[in-house]
Amino acid sequence: MKKFHFSLDTVLGYKQQVLDSLRSEHAVIMKKVTDQEMLIADLTRRHRELNIAFRAAEQEGMTIAQAKTYEIGLRVLEQQIQTETEHLRALEREAEKKRQQVVAARQETASLEKLREKKLDGYRKSVQKQEELFIDELVSASRVTSIQVG
(Lines give C-alpha, C1' and ligand atoms only; values in the text may rest on other atoms or scores of the structure.)
Protein backbone atom coordinates (compact mmCIF):
# COMPACT_ATOMS: atom_id res chain seq x y z
CA MET A 1 0.00 0.00 0.00
CA LYS A 2 1.35 3.41 -0.86
CA LYS A 3 2.17 5.97 1.79
CA PHE A 4 -0.49 8.53 2.83
CA HIS A 5 -0.30 11.78 0.91
CA PHE A 6 -2.51 14.78 1.68
CA SER A 7 -2.91 16.82 -1.48
CA LEU A 8 -3.16 20.10 0.49
CA ASP A 9 0.01 19.57 2.57
CA THR A 10 1.72 22.43 0.76
CA VAL A 11 -1.18 24.75 1.45
CA LEU A 12 -1.32 23.60 5.07
CA GLY A 13 2.40 24.25 5.47
CA TYR A 14 2.03 27.71 3.97
CA LYS A 15 -0.93 28.52 6.24
CA GLN A 16 1.07 27.39 9.28
CA GLN A 17 3.97 29.64 8.23
CA VAL A 18 1.56 32.56 7.86
CA LEU A 19 0.08 31.78 11.28
CA ASP A 20 3.54 31.63 12.89
CA SER A 21 4.48 34.92 11.25
CA LEU A 22 1.29 36.61 12.42
CA ARG A 23 1.82 35.29 15.95
CA SER A 24 5.34 36.74 15.96
CA GLU A 25 4.08 40.09 14.69
CA HIS A 26 1.36 40.09 17.34
CA ALA A 27 3.93 39.35 20.05
CA VAL A 28 6.08 42.27 18.86
CA ILE A 29 3.10 44.62 18.96
CA MET A 30 2.09 43.39 22.41
CA LYS A 31 5.65 44.08 23.62
CA LYS A 32 5.29 47.63 22.29
CA VAL A 33 1.97 47.98 24.13
CA THR A 34 3.57 46.81 27.37
CA ASP A 35 6.53 49.16 26.91
CA GLN A 36 4.16 52.05 26.20
CA GLU A 37 2.12 51.27 29.32
CA MET A 38 5.32 51.29 31.36
CA LEU A 39 6.32 54.65 29.85
CA ILE A 40 2.94 56.15 30.74
CA ALA A 41 3.18 54.74 34.27
CA ASP A 42 6.64 56.30 34.62
CA LEU A 43 5.41 59.68 33.34
CA THR A 44 2.42 59.50 35.70
CA ARG A 45 4.72 58.70 38.63
CA ARG A 46 7.01 61.62 37.74
CA HIS A 47 3.98 63.93 37.47
CA ARG A 48 2.71 62.80 40.88
CA GLU A 49 6.16 63.28 42.46
CA LEU A 50 6.54 66.74 40.92
CA ASN A 51 3.07 67.70 42.13
CA ILE A 52 3.92 66.54 45.66
CA ALA A 53 7.15 68.54 45.54
CA PHE A 54 5.22 71.57 44.28
CA ARG A 55 2.67 71.32 47.12
CA ALA A 56 5.48 70.94 49.68
CA ALA A 57 7.31 73.97 48.25
CA GLU A 58 4.05 75.97 48.38
CA GLN A 59 3.78 75.20 52.11
CA GLU A 60 7.32 76.42 52.73
CA GLY A 61 6.93 79.46 50.52
CA MET A 62 8.39 80.07 47.08
CA THR A 63 8.85 82.74 44.51
CA ILE A 64 6.50 83.25 41.57
CA ALA A 65 9.28 82.12 39.23
CA GLN A 66 9.63 78.85 41.16
CA ALA A 67 5.85 78.33 41.08
CA LYS A 68 5.79 78.96 37.32
CA THR A 69 8.64 76.47 36.86
CA TYR A 70 6.68 73.79 38.74
CA GLU A 71 3.50 74.58 36.79
CA ILE A 72 5.30 74.44 33.45
CA GLY A 73 6.90 71.13 34.43
CA LEU A 74 3.52 69.71 35.42
CA ARG A 75 1.90 70.91 32.15
CA VAL A 76 4.73 69.40 30.09
CA LEU A 77 4.33 66.05 31.85
CA GLU A 78 0.54 66.20 31.40
CA GLN A 79 1.01 66.84 27.67
CA GLN A 80 3.49 63.97 27.41
CA ILE A 81 1.08 61.66 29.24
CA GLN A 82 -1.72 62.65 26.87
CA THR A 83 0.45 62.17 23.77
CA GLU A 84 1.79 58.82 24.94
CA THR A 85 -1.73 57.66 25.89
CA GLU A 86 -2.92 58.44 22.36
CA HIS A 87 0.04 56.48 21.03
CA LEU A 88 -0.89 53.59 23.35
CA ARG A 89 -4.46 53.58 22.00
CA ALA A 90 -3.11 53.39 18.44
CA LEU A 91 -0.86 50.47 19.43
CA GLU A 92 -3.80 48.72 21.09
CA ARG A 93 -5.89 49.11 17.93
CA GLU A 94 -3.01 47.70 15.89
CA ALA A 95 -2.65 44.79 18.34
CA GLU A 96 -6.38 44.04 18.09
CA LYS A 97 -6.24 43.99 14.28
CA LYS A 98 -3.26 41.64 14.40
CA ARG A 99 -5.04 39.43 16.96
CA GLN A 100 -8.03 39.16 14.62
CA GLN A 101 -5.68 38.18 11.79
CA VAL A 102 -4.14 35.50 14.03
CA VAL A 103 -7.60 34.15 14.89
CA ALA A 104 -8.59 34.02 11.20
CA ALA A 105 -5.33 32.30 10.25
CA ARG A 106 -5.74 29.84 13.12
CA GLN A 107 -9.25 28.98 11.90
CA GLU A 108 -8.01 28.40 8.34
CA THR A 109 -5.17 26.22 9.58
CA ALA A 110 -7.46 24.28 11.92
CA SER A 111 -9.94 23.55 9.14
CA LEU A 112 -7.15 22.24 6.91
CA GLU A 113 -5.79 20.13 9.77
CA LYS A 114 -9.27 18.67 10.38
CA LEU A 115 -9.59 17.87 6.69
CA ARG A 116 -6.16 16.23 6.78
CA GLU A 117 -7.19 14.14 9.80
CA LYS A 118 -10.38 13.03 8.04
CA LYS A 119 -8.42 12.03 4.96
CA LEU A 120 -5.84 10.22 7.10
CA ASP A 121 -8.59 8.39 8.97
CA GLY A 122 -10.15 7.33 5.65
CA TYR A 123 -6.74 6.18 4.44
CA ARG A 124 -6.19 4.12 7.59
CA LYS A 125 -9.62 2.50 7.26
CA SER A 126 -8.88 1.68 3.64
CA VAL A 127 -5.54 0.12 4.58
CA GLN A 128 -7.19 -1.89 7.34
CA LYS A 129 -9.90 -3.10 4.96
CA GLN A 130 -7.30 -4.16 2.38
CA GLU A 131 -5.32 -5.99 5.05
CA GLU A 132 -8.48 -7.79 6.18
CA LEU A 133 -9.25 -8.78 2.58
CA PHE A 134 -5.69 -10.04 2.17
CA ILE A 135 -5.96 -12.11 5.35
CA ASP A 136 -9.33 -13.50 4.18
CA GLU A 137 -7.74 -14.47 0.87
CA LEU A 138 -4.87 -16.18 2.69
CA VAL A 139 -7.28 -18.11 4.90
CA SER A 140 -9.37 -19.12 1.86
CA ALA A 141 -6.27 -20.17 -0.08
CA SER A 142 -5.08 -22.12 2.94
CA ARG A 143 -8.42 -23.94 3.18
CA VAL A 144 -8.40 -24.71 -0.52
CA THR A 145 -4.88 -26.04 -0.25
CA SER A 146 -5.73 -28.19 2.79
CA ILE A 147 -8.83 -29.60 1.06
CA GLN A 148 -6.84 -30.46 -2.08
CA VAL A 149 -4.07 -32.07 -0.06
CA GLY A 150 -6.46 -34.09 2.09
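Bear in mind the structure is a predicted one, so any value in this text is a computation, not a measurement.
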Counting only heavy atoms not in Leu133, do more than 12 fall under 6.0 Å of its CG? yes
Heavy atoms of Leu43 and Gln80 approach each other most closely as CD2-OE1, 3.4 Å
Can you tell if the side chain of Gln16 reaches within under 4.5 Å of the side chain of Glu113, non-hydrogen atoms only? yes
Just by distance, no angles: are the side chains of Glu25 and Gln101 close enough, under 3.5 Å, to form a donor-acceptor pair? no
Glu92 vs Glu37 side-chain heavy atoms within contact, under 4.5 Å: yes
Distance-only polar pair, side chains of Thr83 and Gln79, donor-acceptor under 3.5 Å: yes
Is Phe4 atom CZ crowded by more than 12 heavy atoms from other residues, nucleotides or ligands, each under 6.0 Å away? yes
Do you reckon Leu39 sits in the same ILVMFWY cluster as Met30, going by side-chain contacts under 4.5 Å, direct or chained? no
Do Glu78 and Arg75 meet the salt-bridge criterion of a basic N to acidic O distance under 4.0 Å? yes
Please identify each residue that fulfils side-chain hydrogen bond (donor to acceptor under 3.5 Å, both in side chains) with Glu132, with sequence neighbours left out. Gln128
Working to the nearest 0.5 angstrom, can you tell me the gap between Glu49 CD and Leu77 CG? 10.0 Å
Is Leu115 reachable from Tyr14 through a run of I, L, V, M, F, W or Y residues, each pair having side-chain heavy atoms under 4.5 Å apart? no
Residues Glu96, Arg99: salt bridge by 4.0 Å N-O rule: yes
Heavy-atom count around Lys119 NZ within 6.0 Å, excluding the residue itself: above 12? no
Working to the nearest 0.5 angstrom, can you tell me the gap between Thr69 OG1 and Met62 CE? 9.5 Å
Which atom names give the shortest non-hydrogen contact between Glu94 and Ile29, and what distance separates them? OE2-CD1, 3.5 Å
When Thr109 is tested against each of Val18, Val11, Leu12 for side chain to side chain contact (heavy atoms under 4.5 Å, CB included), which residue passes? Leu12
Find the distance between CG (Leu88) and CG (Asp35) and round it off to the nearest 0.5 Å. 11.0 Å
Do the side chains of Asp20 and Arg23 get nearer than 4.5 Å, heavy atoms only? yes
Spacing of OG belonging to Ser111 relative to CZ belonging to Arg116, to within rounding of 0.5 Å: 14.0 Å
Can you tell me how far the NZ atom of Lys3 sits from the OH atom of Tyr123, to the nearest 0.5 Å? 9.0 Å
Do side-chain atoms of Thr85 reach the backbone of Ile81 as a donor and acceptor pair under 3.5 angstrom? yes
Exercise: identify the closest heavy-atom pair between Gly73 and Leu50: C-CD2, 3.6 Å
Do the side chains of Arg55 and Glu58 get close enough for a salt bridge, i.e. N-O under 4.0 angstrom? yes
Of Lys118, Lys125, Arg124, the one forming a salt bridge (Lys or Arg N to Asp or Glu O under 4.0 Å) with Asp121 is Lys125
Evaluate the side-chain proximity of Phe6 to Leu120: yes if any heavy-atom separation is below 4.5 Å, no if none is. no
Starting from Val33, can I reach Val28 by hopping between I/L/V/M/F/W/Y residues whose side chains sit under 4.5 Å apart? no
Hey, could you give me the CG/NE2 distance between Leu19 and His26, rounded to the nearest 0.5 Å? 12.0 Å
Has the side chain of Ser126 got a donor or acceptor atom that lies under 3.5 Å from a matching backbone atom of Gly122? no
